[in-house]
Every structure is written in structure tokens, then in C-alpha cells.
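Contents: one structure, followed by commentary.
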Amino acid sequence: MRKLLLALAATAAFAAPANAAIVFSDNFDGEAGGSSTVLNYTGFAQWDVFDGTVDLLNQPNSYGIACAGGSGSCVDLDGSTGDPGTMITKEMFAFKAGDTFTLTFDLSGSQRTGPDGFVYGFQFVDPDGLALSDAYFLNADEDFGTYAATGDFGFDGNLKLIFRADPDGPGSDNIGLILDNVSLDISPVPEPASWAMMIAGFGLVGGAMRNSRRRPTAAIA
């Protein structure tokens, strides 16, 4: 198993670095379910579901469950079979040693009863491995928040994203946390030539600042 620290933090306002490449984004609004809520949904455009089920929820729905932003679609991570599924992206994403990642997503409590938990992480396709977070728990009445996990890679490879209800938690009650707006950014480490240009740029700026200090200033009568 590849060792990778996955630390989760809630943030009220999050901005990815300017040079970040958004390699994945999904708000679930374009699913084949359209404007319908579909229990035990398997038709995701960008995800496969293994070892259980999840529910596609559309707002409004008969369960009174809200999605992030008060509209569109979202996912109940528990599903409705008493066996929560594992969501894994269909696409895999390449990275290089030294690249940094930022994974963000919106999450709320179950909006019914709880608490419930979930885990997230990466399935490394090449080289083979798995990096999963510890289980995180939210009370049922916790509103949507934006969560971010950041880190860097120590090796080259390819990965897929993973989300699932806590496998050791109360996932058999068909009432899970609500997931929405998943995004993955990967920022490449600057090439040596880029570092040289940045250092040269800093030198030019420093020189300009020194020159500006040497310029005489006009007296104001």
C-alpha cells in the first residue's frame, strides 16, 4: 500500500493555486437520471460503483434531502440495499513525483438521522496501491461544507478517486452522508527552466525596486 497522508480540512472559501490543472469535476447534475431521484443508481457518467450501492438524489425529492446550493443532484453514499457502495472514477489521472494535488468536495450530514461516516482517497493504478483517509463523521444536521485535502506525490503514477461510506460505521441503515461537487486539481512541479525564469524575474523586480529607491523625488512647495 502506498503511504500518502490525506488530511481533511473544512474551508469556508477555497481557491486552488493559479497554476493548478482541474483534471476532474463532477456536480452530478448531468446524470442519466435527469430530474429524478434513483435509488441504487449505477448509471454515473464518471463513476463506477462497486461492492454495494449509492443513491442519486435530485432536489426536490420525497425525502426532503437538499443538495449543495439548493438545486441539482447529489449522492447519498449509503445507497438503499443495506450495503454502501464504493464510488471510483472511471477515468484515471496521471501525475509526476513532486506534483501537488487538491481534492475538494461538498458534504453534509444525512439530513435524517446519524451520525454517519465516510472515507475517501486514491486508488493507484500504476504503480498498484491504495491510499485511504481515516473515517470522518458528521452529525445528521450538519449543513453542507466545502472540504479540501491537499498533498504531494513522491512518485510517478496514475490514480482514480474513491469515495464510500465508512465501511465500519452505520452504513447498513440506508441513510448516509450527502456528497456533491467533487473536484481534483493537480499542480505540476515547475520544470528547472521555469524555476530559472522565476528566479530571474525576482532578480529583475529586486533591481527595479533598488533603482526606484535611487531616483530623486521632487519637492512639493
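Using modelled atom types, one finds no donor on one side chain facing an acceptor on the other under 3.5 Å when comparing Asn174 with Ser80. For the residue pair Asn40/Thr53, the side-chain donor-acceptor check at 3.5 Å is satisfied.
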Tell me, with the steps shown, if Val182 and Leu103 meet side chain to side chain contact (heavy atoms under 4.5 Å, CB included).
CA-CA 8 Å; Val182 180; Leu103 172 63; 4.2 Å; yes
Using the side chain to side chain donor-acceptor pair (under 3.5 Å) rule, take Asp143 and Ser108 through it: C-alpha gap first, then chi angles, then the decisive distance, then the call.
CA-CA 5 Å; Asp143 292 334; Ser108 83; over 6 Å; no
Starting from the C-alpha separation in whole Å, work towards a yes-or-no answer on side chain to side chain contact (heavy atoms under 4.5 Å, CB included) for Asn58 and Ser36.
CA-CA 6 Å; Asn58 186 270; Ser36 302; 5.8 Å; no
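For the side-chain hydrogen bond (donor to acceptor under 3.5 Å, both in side chains) condition, the pairs that include at least one residue of residues 89-99, sequence neighbours left out, are Asp48-Lys90.
Between Phe44 and Phe28, the ring planes lie perpendicular to each other; the angle is over 60°, past the 30° to 60° tilted range.
Salt bridge present: Asp76 and Arg112 bring a charged side-chain N and a carboxylate O closer than 4.0 Å.
For an aromatic pair to be called close, the ring centres must be under 6.0 Å apart, and Phe153 with Phe101 satisfies this. Aromatic ring centres of Trp47 and Tyr41: separated by at least 6.0 Å. Residues Phe118 and Phe137 place their aromatic rings such that the two centres sit no closer than 6.0 Å.
Between Phe105 and Ser183 there is no side-chain heavy-atom pair separated by less than 4.5 Å. In this structure, the side chains of Cys74 and Leu179 stay at 4.5 Å or more apart for every pair of heavy atoms. Arg164 has its side chain out of reach of Val54: every pair of non-hydrogen atoms, C-beta onward, lies at least 4.5 Å apart. You'll find the side chain of Val119 stays beyond 4.5 Å of the side chain of Tyr136, heavy atoms only. Counting heavy atoms from C-beta on, the side chains of Asp55 and Asp78 never come closer than 4.5 Å. Side-chain contact between Gln59 and Ile65 is absent, with no heavy atoms from C-beta onward closer than 4.5 Å. Side-chain contact between Gln111 and Phe144: present, with at least one pair of heavy atoms (C-beta onward) separated by less than 4.5 Å. Leu132 has its side chain out of reach of Tyr120: every pair of non-hydrogen atoms, C-beta onward, lies at least 4.5 Å apart.
Follow the hydrophobic side-chain contacts under 4.5 Å out from Ile186 and you reach Phe124 in the same cluster. By the rule that hydrophobic residues join a cluster once side-chain heavy atoms approach within less than 4.5 Å of another member, Val23 and Phe155 end up as members of one cluster. Both Phe163 and Tyr147 belong to a common hydrophobic cluster when Ile, Leu, Val, Met, Phe, Trp and Tyr are linked at side-chain heavy-atom distances under 4.5 angstrom. In the hydrophobic cluster analysis, where Ile, Leu, Val, Met, Phe, Trp and Tyr join through side-chain heavy atoms closer than 4.5 angstrom, Leu107 is grouped apart from Leu57. Under the 4.5 Å side-chain heavy-atom criterion for Ile, Leu, Val, Met, Phe, Trp and Tyr, Phe122 and Phe95 are members of the same hydrophobic cluster.
Remark: Ile162 CD1 to Leu159 CG distance equals 9.5 Å, nearest 0.5 Å.
Without hydrogens or angle criteria, Asp128 side chain to Val125 main chain gives no donor-acceptor distance under 3.5 Å. Side-chain atoms of Gln46 come within 3.5 Å of backbone atoms of Ser25 as a donor-acceptor pair (strictly under, hydrogens ignored). Not one N or O on the side chain of Gln123 forms a donor-acceptor pair closer than 3.5 Å with the backbone of Leu130. Distance alone, capped at 3.5 Å, is enough to place a donor-acceptor pair between the Asn61 side chain and the Gly64 backbone. The closest donor-acceptor contact from the side chain of Asp173 to the backbone of Ile175 lies under 3.5 Å.
Contact between Gly72 and Cys67 at its shortest, heavy atoms only, is O-SG, 3.7 Å. Counting all heavy atoms, side chain and backbone alike, Ala66 lies closest to Ile178 at O-CG2, 4.3 Å. Summarising the geometry of Gly114 relative to Ala140, their closest heavy-atom pair is N-CB, 3.7 Å, with the distance given to 0.1 Å. Of all non-hydrogen atoms in Gly154 and Ala97, the two that sit nearest each other are C-CB, 3.9 Å.
Among residues two or more places apart in sequence or in another chain, the side chain to side chain contact (heavy atoms under 4.5 Å, CB included) test is passed with Asn181 by Asn27, Ala68, Asp106. With sequence neighbours left out, Asp126 forms a side chain to side chain contact (heavy atoms under 4.5 Å, CB included) with Asn158.
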